Amino acid sequence: KSADFGKNRNLQNLLILTAIKADKTRVMDYINRLDNYDGPEIAKIALGDPYNLYEEAFLIYKKCDLHAEAMDTLLVNIESLERAQEFAARCGEPVVWYKLGKAQLENHQVAEAIESYLKASDATDYIEVIQAAQVECLYDDLVRFLLMARKTAKDAIVDTELVYSYAKADRLADMEEFVSGTNTANVKLVGDRLYEEKFFKAAKILYQSIPDNSKLASCFVQLGEYTQAVEAAKKASNPKTWKEVNIACVQAEQFRCAEIAAMYIIVHPDHLEELISQYEKGGHFEELISLLDTGLSSERSHVGMYTELAILYTKYKPEKLMDFIKMNTAKLNIPKLIQACERHYLWSQAVFLYTHYDEFDAAANAMMAHSTVAYSHDQFQMILQKVSNHEIYYRAITFYLEENPMQVNALLNTIMSKVDHARVVGQVKKTGHLPLMLPYLKAAQQHNIQAVNEAVNDIYVEGEQFEDLRQSIEDFDLFDQIALAQKLEGHELVEMRRISALVYKKNKRYKQSIDLSKQDKMYKDAMETAFDSGNAELAEALLRYFVDNDMKECFAACLFTCYDLIRPDVGLELAWRKNMLDYAMPFLIQVLREYTSRIDALDKKTQKKEEAEEKEKSASNDFVPDYMANPMMAGAMPGFGNLAIGNAPANVMMQPQGFPQPGMMQPPSMMMQPGMMRPGGF
């Protein structure tokens with residue numbers, strides 16, 4: 001039966017699997033004693049969850065000569081690099097060494113990984129090896145690996161990194177020999193990398209092999225070989241290269257070589273400023289000015305050269321600047337030169353340049369900001385007429401109020417059509433200098449602007465110029481009238497209070513106006529206000545006021561002024577009660593005349609109507625006589641100014657025959673004759 005069991009693969013598999021599931025301690029013994037079972041499948045089961053029998057799986061793979069799987073078990077499951085290295089040394093298979101090298105590389109054992117890769121003769125992971133070796137600076141080991149990799153991997157990266165590794169390992173002879181032979185290395189890329197890392201000797205060898213004269217000149221400069229650098233720059237004929245050579249020569253005070261390079265640079269505007277900066281840092285001002293002055297005679301001279309020379313004058317020789325500007329204005333970069341003038345406080349030159357560049361806004365601002373050296377009234381007036389930013393006008397007003405207040409009206413007259421008058425008033429009002437600009441305000445008042453009107457009125461009020469104030473109120477009505485009236489209501493001058501009453505009347509606050517006039521005994525103003533109001537109650541209240549205060553003349557005047565508003569019965573009653581019938585008599589006569597005229601007019605209208613009806617009835621009679629109109633029927637002129645005293649007819653009104661006039665007035669003997677009314681009688 002033992003022989004049968006040894007030959008039965010299924011029974012051995014079942015035994016080992018049963019042990020894996022039931023008794024793990026016996027699995028190792030079964031693996032060593034048994035030989036006829038499915039090793040790879042059982043090893044996978046042993047590795048899986050929940051068994052995790054890693055050592056048993058490793059033994060199965062090893063016993064089945066599955067070295068790659070055994071190495072994976074050591075590396076992935078058991079995680080023992082030391083045992084893996086021992087196993088690889090005993091096994092010696094390339095695939096095992098490759099797996100070991102990859103694991104060592106992942107665990108940052110770069111040198112050991114490279115040895116394993118070399119033993120495996122496998123450069124599959126050369127990208128990862130290159131990166132890791134460069135991080136660890138293992139360039140000698142990397143050279144060995146890359147030489148091996150070149151045999152199998154035909155990639156330019158391998159040759160490129162090999163050149164770089166030669167240089168980093170300071171094996172310049174080997175590098176030069178390699179680049180002189182057949183290769184696919186990107187020599188320029190390696191040279192640039194070495195140059196950035198300051199391996200200038202190695203980079204010089206590579207640039208000479210290409211050749212790349214620009215980079216070669218840079219290497220010569222870094223190595224201090226200035227003469228060779230100038231020669232290489234001539235071959236490169238590149239402004240950037242010339243600039244680099246010049247900078248290095250100036251820093252090294254090799255002025256002969258620097259001058260040669262500079263003459264090729266100053267004709268290129270893009271590099272001119274940096275060249276100048278290098279000379280200035282070294283304090284070589286005279287050499288720089290002389291260089292640019294000489295360069296102006298060149299056929300390739302440009303605006304930048306003139307401008308930079310002018311800027312140098314602003315820094316080191318300001319006494320020559322104005323003459324140079326006037327001679328070469330058209331050849332200068334004016335904005336740039338203006339900035340230089342401002343940096344060095346040459347404000348008169350800056351204003352000159354602003355005006356020639358049509359930057360009038362900036363010129364005006366400069367003059368205001370630096371008035372002690374740049375301001376001139378006439379020039380400022382001329383510039384201000386050409387500015388485009390209207391905000392400058394308002395800044396100019398403040399400037400003049402602070403520094404030249406006596407000319408502020410001249411300024412305002414110049415800019416009157418371009419400013420917002422309300423804003424100007426608000427701005428100057430904050431400074432408290434509104435009276436100073438009264439001439440301007442009076443001119444601007446023609447536009448009837450509220451702010452201006454109020455400002456002018458305030459000035460008049462403050463100066464007690466009541467005549468001017470009254471004229472202003474009459475001519476320009478756009479202002480806060482109620483506020484002004486309230487302000488003047490308590491003024492100490494009676495004329496100001498009269499203006500307050502006038503304003504109240506204009507705003508139909510008749511009662512306030514009348515009260516204010518009564519308070520100041522301006523009874524005429526009160527009567528006119530009552531009449532203008534058209535309010536019978538106000539007129540009769542004013543009349544009662546005069547009666548109560550025994551103002552007989554005012555009573556008569558009020559009846560005259562407010563004739564159209566006062567009811568006859570009210571006037572007659574008040575006159576009778578206060579024994580003022582004599583003063584009310586003109587009023588009463590006019591009332592009678594007015595009512596008589598109205599009745600006569602009605603009679604005439606009725607007469608015409610009856611005549612028309614009579615004509616219609618008398619169809620057989622072709623002629624109907626016309627009757628003369630009663631002279632009394634002529635309409636009297638309205639108002640108290642056309643009294644009927646002298647116009648009453650002397651005789652009785654004639655009645656047309658056959659047409660009686662109902663309601664006609666009785667003969668004038670019935671009317672009250674002057675002198676009939678006696679004081680105290682009725």
Side-chain angles (χ1 to χ4, degrees), residues 351 360-488 491-493 495-496 499-500 502-503 506:
V351 171
F360 299 105
D361 292 10
N365 287 328
M367 293 183 75
M368 288 189 288
H370 309 282
S371 58
T372 55
V373 295
Y375 168 72
S376 168
H377 174 68
D378 294 334
Q379 185 182 11
F380 188 77
Q381 293 281 82
M382 181 274 294
I383 291 173
L384 207 60
Q385 293 177 6
K386 300 179 181 181
V387 298
S388 58
N389 183 1
H390 289 188
E391 291 297 320
I392 294 177
Y393 298 141
Y394 306 103
R395 291 199 292 269
I397 294 171
T398 301
F399 168 73
Y400 265 74
L401 289 173
E402 293 175 351
E403 301 202 14
N404 195 2
M406 301 311 296
Q407 294 289 345
V408 68
N409 283 292
L411 170 73
L412 290 168
N413 288 334
T414 302
I415 61 177
M416 179 174 291
S417 62
K418 302 177 181 178
V419 295
D420 180 353
H421 302 300
R423 179 176 176 182
V424 172
V425 170
Q427 178 179 345
V428 179
K429 189 174 183 180
K430 293 178 182 178
T431 65
H433 297 310
L434 273 177
L436 188 64
M437 52 185 290
L438 181 58
Y440 156 76
L441 292 174
K442 293 172 69 175
Q445 199 175 17
Q446 303 303 319
H447 301 288
N448 198 20
I449 300 172
Q450 180 173 350
V452 177
N453 294 338
E454 291 178 351
V456 173
N457 293 341
D458 289 343
I459 294 172
Y460 287 152
V461 171
E462 185 177 353
E464 298 182 348
Q465 299 170 261
F466 54 85
E467 293 180 357
D468 294 330
L469 177 59
R470 182 180 293 272
Q471 190 63 43
S472 174
I473 291 172
E474 293 288 349
D475 294 341
F476 310 104
D477 60 351
L478 188 58
F479 60 94
D480 191 344
Q481 300 191 16
I482 301 303
L484 178 61
Q486 292 173 348
K487 181 178 180 182
L488 297 177
H491 201 281
E492 61 183 6
L493 289 183
E495 288 297 333
M496 289 296 183
I499 294 174
S500 175
L502 174 63
V503 175
K506 284 180 172 291

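On a predicted model such as this, the values are computed, not experimentally measured, just so you know. Throughout, numbering of the chain's residues begins at 1 and tracks the sequence.
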> What class does the angle between the rings of Y440 and H421 fall in, given that below 30° is parallel, 30 to 60° is tilted and above 60° is perpendicular?
tilted

> Hey, which of L469, D468, I499 is the one that makes side chain to side chain contact (heavy atoms under 4.5 Å, CB included) with N457?
L469

> Could you tell me whether the side chain of E462 reaches within less than 4.5 Å of the side chain of I459, counting heavy atoms only?
no

> Take I397 and V424 through the side-chain contact (heavy atoms from CB on, under 4.5 Å) test and state the conclusion after the steps.
CA-CA 8 Å; I397 294 171; V424 172; 3.8 Å; yes

> Taking everything shown except E474 itself, do over 12 heavy atoms lie less than 6.0 Å from its CD?
yes

> So H390 and Y393, would you call those rings parallel, tilted or perpendicular, with 30° and 60° as cut-offs?
tilted

> Measuring only between side-chain heavy atoms, which start at C-beta, is L502 closer than 4.5 Å to K506?
yes

> Looking only at heavy atoms, which two atoms of L384 and A396 are closest? And how far apart?
CD2-CB, 4.1 Å

> Mind checking whether I383 and K386 have side chains closer than 4.5 Å, heavy atoms only?
no

> To the nearest 0.5 Å, how far apart are OG1 in T398 and NZ in K430?
9.5 Å

> Could you pull out all residues at least two apart from D361 that satisfy salt bridge (charged side-chain N to carboxylate O under 4.0 Å, His left out)?
none

> Can you give me the closest heavy-atom contact between M416 and A444, atom names plus distance?
CE-N, 4.4 Å

> Is a side-chain donor or acceptor of Y400 paired with a backbone partner of L412 at a separation under 3.5 angstrom?
no

> Identify, with sequence neighbours excluded, every residue that meets salt bridge (charged side-chain N to carboxylate O under 4.0 Å, His left out) alongside R395.
none

> Would a 4.5 Å heavy-atom cut-off, applied to side chains only, mark L401 and M437 as touching?
no

> Any side-chain heavy atom of K442 sitting closer than 4.5 Å to one from L438?
yes

> Side chains of Y375 and N404: does their closest heavy-atom pair fall under 4.5 Å?
yes

> Check A364 against I392 and note the closest heavy-atom contact, atom names and distance.
CB-CG2, 4.0 Å

> Working to the nearest 0.5 Å, report the span between OH of Y460 and CZ of R470.
14.0 Å

> Can you name the residues that form a ring pair (Phe, Tyr, Trp, His ring centres under 6.0 Å) with H433, not counting sequence neighbours?
none

> Would you call M368 and F380 a side-chain contact if the rule is heavy atoms closer than 4.5 Å?
yes

> Is there a donor-acceptor pair closer than 3.5 Å between any side-chain N or O of H447 and the backbone N or O of I449?
no

> Tell me, please, which residues at least two apart from E403 pass side chain to side chain contact (heavy atoms under 4.5 Å, CB included).
S371, F399

> Mind checking whether T431 and E402 have side chains closer than 4.5 Å, heavy atoms only?
no

> Sequence neighbours left out, what passes side chain to side chain donor-acceptor pair (under 3.5 Å) with T414? Give chain and number order.
Q381

> For K418, does the NZ atom sit with more than 12 other heavy atoms under 6.0 Å from it, leaving out its own atoms?
yes

> Give the minimum heavy-atom separation between A374 and Q379, together with the two atoms involved.
O-OE1, 4.5 Å

> Going by side chain to side chain contact (heavy atoms under 4.5 Å, CB included), name the residues that satisfy it together with D477, two or more places apart in sequence or in a different chain.
N448, Q481

> Looking at every non-hydrogen atom in both residues, tell me the closest pair between M367 and V351 and how far apart they are.
CG-CG2, 3.9 Å

